[in-house]
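Convention: sequence-line order gives letters A, B, ...; per-chain numbering from 1.
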Protein chains: 2
Amino acid sequence: MQRVRAHALTVSLDGFLAGPGQSKETPLGVGGGDLHDWAWATRSMRLLHGLEGGEEGVDNEWASRHDDGIGASIMGRNMFGPIRGPWQGDDWTGWWGDKPPFHHPVYILTHHPRPSIEMEGGTSFHFVTTGVEEALERARAAARGQDVRISGGAETVQQYLSRRLIDEMHFVIAPVFLGDGARLFEGLSRLQDSYECVERVAGERALHVRLRRVH
Amino acid sequence: MQRVRAHALTVSLDGFLAGPGQSKETPLGVGGGDLHDWAWATRSMRLLHGLEGGEEGVDNEWASRHDDGIGASIMGRNMFGPIRGPWQGDDWTGWWGDKPPFHHPVYILTHHPRPSIEMEGGTSFHFVTTGVEEALERARAAARGQDVRISGGAETVQQYLSRRLIDEMHFVIAPVFLGDGARLFEGLSRLQDSYECVERVAGERALHVRLRRVH
């Protein structure tokens, strides 16, 4: 059965998925880059980005699930780029260069229409202005039987969580403080009625928590 | 050297130390009681409260540090009782019955003066209206060389953390969601300059994190 999954959503000890002041220079906000030190230390994350080396172990095992069996993904427009408001031309094609590490169709939630973009390596970007449900429908169809990933950021995850549309979610607690920014869990009520915490594991550099939808 | 420590401060997956709507009937707010299921399952917590049974293991080991070497403690008035504003007489003597599980002097931060109370078993309650620093001075003197514990709640911990007066802190992430309430980490900036995350462990029922002050 096709599932909707979220993986490796990494928060600080104080609960922030990104620090304050997100911009082109600091995509994850001030201090936010440190959140993913655990992931960059793993073999599977490095491999995904064409880098050598990296550790195997608990963190690596969790990191490797991020792409396993994913056929399409969805993200908020702030995760795609720093431009706010209408797209200023077609120049911006994401943070990831000519060959982004997705290799599948990516649906981007936005209020501003824009033509789809085909990138190298099988990644395509599609801009959805008709809401989270329609984005999910399109991603489901495009995934060809594989699972759909909700990639982030905080607001996008919250929209899918509040509608109980995520079946399985892996989040990570990294040993840093950000003090301010975008919280992963904010304005979400009665999650406990729908989600069960099925796994809690300490990795080499971070803590891993897995949630499963039960209703 | 005498230290200031916090132990077993337990937050939900979404970061709340207590749920919404704290009252005499729900001291930890709606759903907040579930936070401490991990602690009540341990031998050392049960022993402290005169109960038999309980498990040994990782969670128990962390729970046992809560009282180890503590000679005095400090709490906010909301942790002591449900009364807000001036004390309405001297009837309320805490949530814990005639023989509270402290067995040492407890300093309670309040804006409203009240005479000290001697309880059975070595616990005494002292009401401090002159601020967090003076409460700490008094607790340090009363602890007779042992350590001082900052017991909670959220606001009290935040006041001591923001002044960098806590030397060591153990907090726990329990597998529940509260959705709303009092966050442990709120309005605290640049903690990363003063605190290092020195331990991250998965227990049987909860995750444990230990912070140490480095500056």
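- With a 6.0 Å radius and a threshold of 12 heavy atoms from other residues, nucleotides or ligands, Gln146(B) has its CD atom above the threshold.
- By the neighbour-count criterion of 12 heavy atoms within 6.0 Å, atom CZ of Arg144(B) is sparsely surrounded, having that number or fewer from other residues, nucleotides or ligands.
- Around the CZ atom of Arg43(A), the shell of radius 6.0 Å holds no more than 12 heavy atoms that belong to other residues, nucleotides or ligands.
- Annotation for Arg200(A) and Ala202(B): closest pair O-CB, 3.7 Å, computed over non-hydrogen atoms.
- Residues Ile173(B) and Val209(A) are not in side-chain contact: their nearest non-hydrogen atoms beyond the backbone lie 4.5 Å or more apart.
- With a 6.0 Å radius and a threshold of 12 heavy atoms from other residues, nucleotides or ligands, Glu168(B) has its CD atom above the threshold.
- Between chain B and the residues Arg183(A), Gln192(A), Arg190(A), the largest count of heavy-atom pairs under 4.5 Å involves Arg183(A).
- Residue Glu186(A) touches chain B through both its backbone and its side chain, counting heavy-atom pairs closer than 4.5 Å.
- Closest approach of Val201(A) to Leu207(B), counting heavy atoms only: N-CD2, 4.3 Å.
- Using a 4.5 Å cut-off between heavy atoms, Glu199(A) does not touch chain B at all.
- Residues Leu13(B) and Phe171(A) form a side-chain contact, since some pair of their non-hydrogen atoms from C-beta on lies under 4.5 Å apart.
- Within the 4.5 Å cutoff, the side chain of Leu211(A) has heavy atoms near those of the Phe177(B) side chain.
- The choice from Gly31(A), Gly203(A), Ser189(A), Pro175(A) that makes the most heavy-atom pairs within less than 4.5 Å of chain B is Pro175(A).
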